[in-house]
Amino acid sequence: MEAQHPTACPAAPTTGGPGVSRRGILTGLAAGLAALPAVEATAAHAAPRRPAPPPAAGVLSGGTGHGTGELRGSQIAVTAGRKAEGRFGVMFPKLPAFTPDDALLIALAERMIDRTPPLSDVSLSNDGFDNPEMPAGFAYLGQFIDHDMTLDQTPLPEQELDPRALTNFDTPFFDLGSVYGRGPGSDPQLYDPADPRRMRIGGTPDGRPDLPRHADGTAVIGDHRNDENLIIAQLHLAFLQAHNRFVDSGASFEEAQRLLRWHFQWLIVHDFLPHVVGRPLVQSMLTAGRAGSVAVDRRFYKPGNPARPMMPIEYSVGAYRFGHSMVRAEYEMHDEVTIPFFGSPGHDLRGSRPIPSTARADWNYFFEIPGMSDPDDRNMTRLIDTKLALPLSELPPTVVKHVDGAILNLARRNLLRGKRLGLPAGQDVARAMGVTPIPNDRLGLTERGWSGKAPLWFYVLKEAELLGGRTLGPVGGRIVAEVILGILALDRTSFLNADTPWSPAATPFACGDFLRLAGVAPGEFPAGEDPEDELPEDVLPEDEAPEDDMPEGL
């Protein structure tokens with residue numbers, strides 16, 4: 001995720017800021033962003049088959065975790081044409097693919113690694129890479145969001161019949177498929193056998209809750225990627241526990257599922273996006289829609305099939321990978337216990353194993369928790385910039401299979417994949433968006449072989465870095481915000497399209513509030529207590545629902 005500087009453009013945010021209030025969204029809507037020329041995507045159609053380019057040097061496929069093996073259908077631009085749409089598509093189909101020499105990309109990837117080893121204590125972090133406005137939990141919320149969006153539950157036979165994912169694929173809607181799978185009927189292993197309304201939760205030998213696990217330690221969950229490291233595993237566990245608390249409060253399975261989805265979507269709009277793209281941009285893109293719904297200003301993300309919107313490769317293979325630069329080399333999991341992200345097996349934060357007591361997350365070290373004082377050494381994300389933490393230079397086997405020729409450097413994987421899948425150059429995307437491109441000399445790409453252009457992923461990171469690194473810049477931020485908000489707006493079941501304007505029972509509602517509601521944050525209510533002011537309005541008796549003085553629809 002990326003940084004920015006207050007000198008960018010009128011739309012560029014000056015802070016990462018807290019959540020967006022519904023009143024704040026309506027205030028100043030007329031200002032918005034300056035009008036930008038729109039480049040509309042053409043409706044999906046079959047293009048003449050083109051030969052796929054030769055694979056980039058090294059093995060990119062065969063990954064088992066986040067950001068590794070190519071997602072089915074992401075090769076659409078090179079296999080079906082730049083105007084074709086299926087599970088994936090191209091946001092700017094008129095722009096050509098950028099194909100610099102592999103050697104340039106490999107050399108650039110080496111320069112992108114920060115060689116600082118993990119610290120023994122987060123309080124020793126003084127290298128200037130910490131983002132003071134973004135607690136570290138947002139990197140893993142971003143990973144959880146990505147997994148929900150890119151989860152593909154299409155049956156394997158159908159995947160094999162449609163490898164380009166032109167007809168058979170799941171929508172990218174934020175429906176918590178990683179939590180619910182295909183539902184109690186099709187995925188009963190995810191549910192409590194004693195009460196299928198509830199999610200199945202496991203435990204550790206010390207009696208603490210954990211994800212349900214197989215004998216080999218791997219988790220029984222809807223998306224194995226959410227067991228890749230112990231931080232996202234515990235975040236996934238919090239969602240399971242939140243669902244069960246809704247059920248315990250009297251909600252049916254369907255009501256609890258809807259409530260959890262809507263709280264998740266609320267956090268995306270009102271907490272995650274304001275932190276990573278800036279609150280001003282989010283506010284400028286949301287307007288009051290029909291019958292109290294919320295409309296989204298989409299200038300560039302215009303999928304040909306709104307009912308089954310494609311994911312642009314400019315987003316999934318380029319801009320959204322900003323989160324890789326936010327990952328720290330180490331995390332303080334609770335007071336005075338700092339653990340390297342990837343290190344020696346059993347002594348780091350890699351997942352696919354029961355949660356050890358030493359790695360239990362005190363969420364106050366990852367998010368701001370209401371009613372709790374800030375710890376002196378809260379984990380903060382790294383700035384959004386062109387430097388990746390050292391552990392990402394050699395991904396472990398839980399993330400990438402260590403086969404002959406496997407590319408273990410994450411920066412190298414991202415750069416080569418962007419070329420292989422046909423991403424346009426960063427400057428070309430900027431021009432298409434009406435943003436003044438950043439020249440290569442300012443990006444630090446001085447070799448002649450770049451021909452004055454930069455890989456989109458690197459461009460998005462450097463754009464943020466040049467603007468301060470606290471949020472994404474105007475190109476990266478707009479791509480991320482348009483796709484995420486656009487998908488929420490196109491989902492007829494999202495809270496943006498609720499028949500009656502909806503918000504959590506108490507607002508503002510941010511990640512810390514969610515973790516308290518789930519019962520996993522410091523200061524949580526004792527087990528068995530469900531104070532009404534912590535429950536969503538939807539599950540309170542109608543005459544006890546709290547009043548909401550926010551403007552309708554937002």
Side-chain angles (χ1 to χ4, degrees), residues 66 118-123 125 135-141 143-144 178-179 199-214 216-221 224-245 327-381 391 396 398 511-529:
H66 177 67
L119 302 171
S120 60
D121 194 305
V122 169
S123 64
S125 181
F138 284 98
Y140 298 94
L141 176 61
Q143 186 180 14
F144 187 89
S178 62
V179 171
M199 305 309 300
R200 179 183 170 194
I201 291 177
T204 57
D206 62 1
R208 303 294 296 273
D210 191 3
L211 299 175
R213 295 187 179 276
H214 297 291
D216 65 358
T218 57
V220 183
I221 53 178
H224 67 89
R225 295 174 297 175
N226 283 356
D227 192 30
E228 176 188 296
N229 64 70
L230 294 176
I231 301 174
I232 194 171
Q234 292 180 76
L235 185 60
H236 188 106
L237 177 61
F239 276 85
L240 300 180
Q241 292 173 291
H243 171 94
N244 287 351
R245 282 208 162 190
V327 174
R328 297 183 61 90
E330 71 293 306
Y331 291 91
E332 185 156 353
M333 299 306 291
H334 47 263
D335 191 31
E336 298 183 353
V337 176
T338 298
I339 303 177
F341 188 55
F342 292 142
S344 60
H347 300 282
D348 62 5
L349 293 176
R350 74 183 73 188
S352 300
R353 60 186 173 121
I355 302 168
S357 59
T358 54
R360 284 280 167 185
D362 178 341
W363 288 115
N364 198 30
Y365 282 80
F366 290 86
F367 293 102
E368 295 176 0
I369 307 297
M372 298 294 296
S373 58
D374 295 345
D376 293 336
D377 45 1
R378 173 178 284 148
N379 304 296
M380 307 304 289
T381 67
T398 52
C511 289
D513 300 283
F514 172 77
L515 292 166
R516 290 194 72 221
L517 185 149
V520 299
E524 67 186 64
F525 292 102
E529 293 187 16

Can you name the nearest heavy-atom pair linking Pro370 to Gly512, along with the distance?
CD-C, 3.6 Å
Residues two or more places apart in sequence or in another chain: which of them pass salt bridge (Lys or Arg N to Asp or Glu O under 4.0 Å) with Asp374?
Arg378
If we ignore hydrogens and angles and just use 3.5 Å, is the side chain of Glu330 paired with the main-chain N or O of Pro118 as donor and acceptor?
no
Working to the nearest 0.5 angstrom, can you tell me the gap between Leu515 CG and Trp363 CH2?
6.5 Å
Can you see which heavy atom on Val327 is nearest to which on Tyr140, and at what distance?
CG1-OH, 3.7 Å
Results of side-chain hydrogen bond (donor to acceptor under 3.5 Å, both in side chains) for Thr358 - residues two or more places apart only:
none
For a 4.5 angstrom cut-off between non-hydrogen side-chain atoms, does Leu211 reach His236?
yes
Applying side-chain hydrogen bond (donor to acceptor under 3.5 Å, both in side chains), name anything that partners Gln234, two or more places apart in sequence or on another chain.
none
Could you go through the side-chain contact (heavy atoms from CB on, under 4.5 Å) check for Leu230 and Arg353 one step at a time?
CA-CA 8 Å; Leu230 294 176; Arg353 60 186 173 121; 3.4 Å; yes
Any chance you could lay out the side-chain contact (heavy atoms from CB on, under 4.5 Å) test for Ser125 and Met380, step after step, and finish with the verdict?
CA-CA 10 Å; Ser125 181; Met380 307 304 289; over 6 Å; no
With a cut-off of 6.0 Å (strictly less than), are more than 12 heavy atoms of other residues, nucleotides or ligands near CG of Asp376?
no
Between the side chain of Asn226 and the main-chain N/O of Phe144, is any donor-acceptor distance below 3.5 Å?
no
With sequence neighbours excluded, tell me which residues meet salt bridge (Lys or Arg N to Asp or Glu O under 4.0 Å) with Arg213.
Asp210, Asp227
Taking the side chain as everything from C-beta on, heavy atoms only, tell me whether Ile201 gets closer than 4.5 Å to Gln241.
yes
Ring centers of Phe514, Phe367 separated by less than 6.0 Å:
no
Run the side-chain contact (heavy atoms from CB on, under 4.5 Å) check on Val179 and Leu240 step by step: do they pass?
CA-CA 7 Å; Val179 171; Leu240 300 180; 3.9 Å; yes
Side-chain donor-acceptor contacts of residues 333-344 below 3.5 Å, not counting sequence neighbours, with atom names and distances?
residue, atom, partner, partner atom, Å
His334, ND1, Arg360, O, 2.9
Asp335, OD1, Tyr365, OH, 3.3

May I have the step-by-step check of side-chain contact (heavy atoms from CB on, under 4.5 Å) for Leu237 and Val520, ending in yes or no?
CA-CA 9 Å; Leu237 177 61; Val520 299; 5.9 Å; no
Taken to the nearest 0.5 Å, the spacing of Asn364 CG from Ser373 OG works out to 7.0 Å
Side-chain heavy-atom pair Gln143, Ile231 within 4.5 angstrom cut-off
no
Can you list everything that forms a side-chain hydrogen bond (donor to acceptor under 3.5 Å, both in side chains) with Asp206? Sequence neighbours excluded, please.
Thr204
